[in-house]
Amino acid sequence: RSPEEWMALVKEDVRKPQACVMHYKDKQWTMLPCWVLEYDEKSKRYTVEMEDSQQKQVKRLSLRFNAEDPDLFAKRVEVCHATKAHCELQEAFIDFIEFKDDSVITPMPRSQK
């Protein structure tokens with residue numbers, strides 16, 4: 001669903017929390033119930049309010065709406081974290097190669113090219 005569709009859905013019932021948000025509390029990350037107040041197109045973040053009246057802006061990956069399947073959400077988060085880790089590993093490998101001194105690299109023989 002698009003951000004606009006999610007916002008239309010949460011406005012249907014504002015009496016109870018419409019989502020859960022990742023929040024660092026007591027030295028660990030946990031999902032806490034929250035109300036979704038708005039979506040900012042410019043920053044691509046949702047403004048949420050937790051039950052203790054604390055507000056914060058979060059990315060979509062930190063916000064699980066009550067109307068979505070928790071297992072699919074967890075899978076999406078897992079895939080995103082794995083993809084990010086893979087990209088970071090590739091960047092580290094490219095940096096490793098690019099910063100090697102050319103004098104320590106032996107050219108590949110023409111027969112193996």
Side-chain angles (χ1 to χ4, degrees):
R1 296 184 184 177
S2 70
E4 294 78 19
E5 291 171 321
W6 282 119
M7 291 309 301
L9 189 65
V10 299
K11 289 181 191 294
E12 290 176 5
D13 185 8
V14 296
R15 294 171 293 161
K16 60 181 182 174
Q18 307 110 340
C20 290
V21 65
M22 287 296 296
H23 188 68
Y24 194 73
K25 184 177 182 178
D26 299 328
K27 298 184 181 182
Q28 66 181 10
W29 286 100
T30 184
M31 294 293 280
L32 294 179
C34 68
W35 285 267
V36 183
L37 306 177
E38 65 181 3
Y39 177 74
D40 179 39
E41 184 67 38
K42 188 174 181 180
S43 67
K44 305 279 192 226
R45 292 176 189 255
Y46 291 87
T47 302
V48 299
E49 182 175 326
M50 291 167 283
E51 291 177 320
D52 64 358
S53 298
Q54 183 181 2
Q55 290 187 9
K56 66 180 186 174
Q57 289 193 317
V58 296
K59 294 180 181 179
R60 177 64 177 92
L61 205 55
S62 298
L63 185 64
R64 180 180 53 79
F65 290 92
N66 293 344
E68 66 184 310
D69 183 320
D71 294 331
L72 290 177
F73 176 79
K75 181 72 172 170
R76 190 171 79 242
V77 170
E78 182 182 321
V79 167
C80 288
H81 288 302
T83 302
K84 180 181 178 185
H86 180 73
C87 289
E88 289 171 345
L89 187 61
Q90 283 183 318
E91 287 177 351
F93 181 65
I94 290 169
D95 287 346
F96 172 77
I97 292 170
E98 287 182 348
F99 291 109
K100 281 289 182 189
D101 184 12
D102 289 345
S103 66
V104 298
I105 300 173
T106 306
M108 183 182 285
R110 183 174 290 287
S111 61
Q112 292 183 357
K113 291 184 181 178

Exercise. Start with the C-alpha distance between Met22 and Val58, add both sets of side-chain angles, then the distance that settles side-chain contact (heavy atoms from CB on, under 4.5 Å), and finish with yes or no.
Key: CA-CA 9 Å; Met22 287 296 296; Val58 296; over 6 Å; no
Self-check item: Heavy-atom side-chain proximity of Asp13 to Gln18 below 4.5 angstrom
Solution: no
Quiz item: With a 4.5 Å heavy-atom cut-off, do Val21 and Lys56 have their side chains touching?
Solution: yes
Not counting sequence neighbours, which residues clear side-chain contact (heavy atoms from CB on, under 4.5 Å) with [X]? List them please.
X     : value
Gln54 : His23, Met50, Asp52
Tyr24 : Lys27, Trp29
Ser2  : Glu4, Glu5

Self-check item: Distance, nearest 0.5 Å, that separates CE of Met7 from CD of Glu38
Solution: 7.0 Å
Self-check item: Option among Arg60, Arg1, Lys75 that satisfies the salt bridge (charged side-chain N to carboxylate O under 4.0 Å, His left out) test with Glu68
Solution: Arg60
Exercise. For the pair Ser53 and Glu49, evaluate side-chain contact (heavy atoms from CB on, under 4.5 Å) and give the outcome as yes or no after the intermediate values.
Key: CA-CA 6 Å; Ser53 298; Glu49 182 175 326; 4.0 Å; yes
Quiz item: Given Glu51 and Trp35, is the side-chain contact (heavy atoms from CB on, under 4.5 Å) satisfied, shown in steps?
Solution: CA-CA 8 Å; Glu51 291 177 320; Trp35 285 267; 3.9 Å; yes
Self-check item: Exceeds 12 heavy-atom contacts within 6.0 angstrom, atom CG of Asp26
Solution: no
Self-check item: Minimum heavy-atom distance Phe73-Leu63, with the two atoms named
Solution: CE1-O, 3.3 Å
Exercise. Please work out whether the ring planes of Trp6 and Phe65 are parallel, tilted or perpendicular, with thresholds of 30° and 60°.
Key: parallel
Quiz item: According to a 4.5 Å side-chain heavy-atom criterion applied to Ile, Leu, Val, Met, Phe, Trp and Tyr, with indirect links allowed, do Val48 and Met31 form part of one hydrophobic cluster?
Solution: no
Quiz item: If Ile, Leu, Val, Met, Phe, Trp and Tyr residues are connected whenever their side-chain heavy atoms lie under 4.5 Å apart, and connections chain through other members, are Leu9 and Leu37 in the same group?
Solution: no
Self-check item: Salt bridge Asp40-Lys42, side-chain N to carboxylate O under 4.0 Å
Solution: no
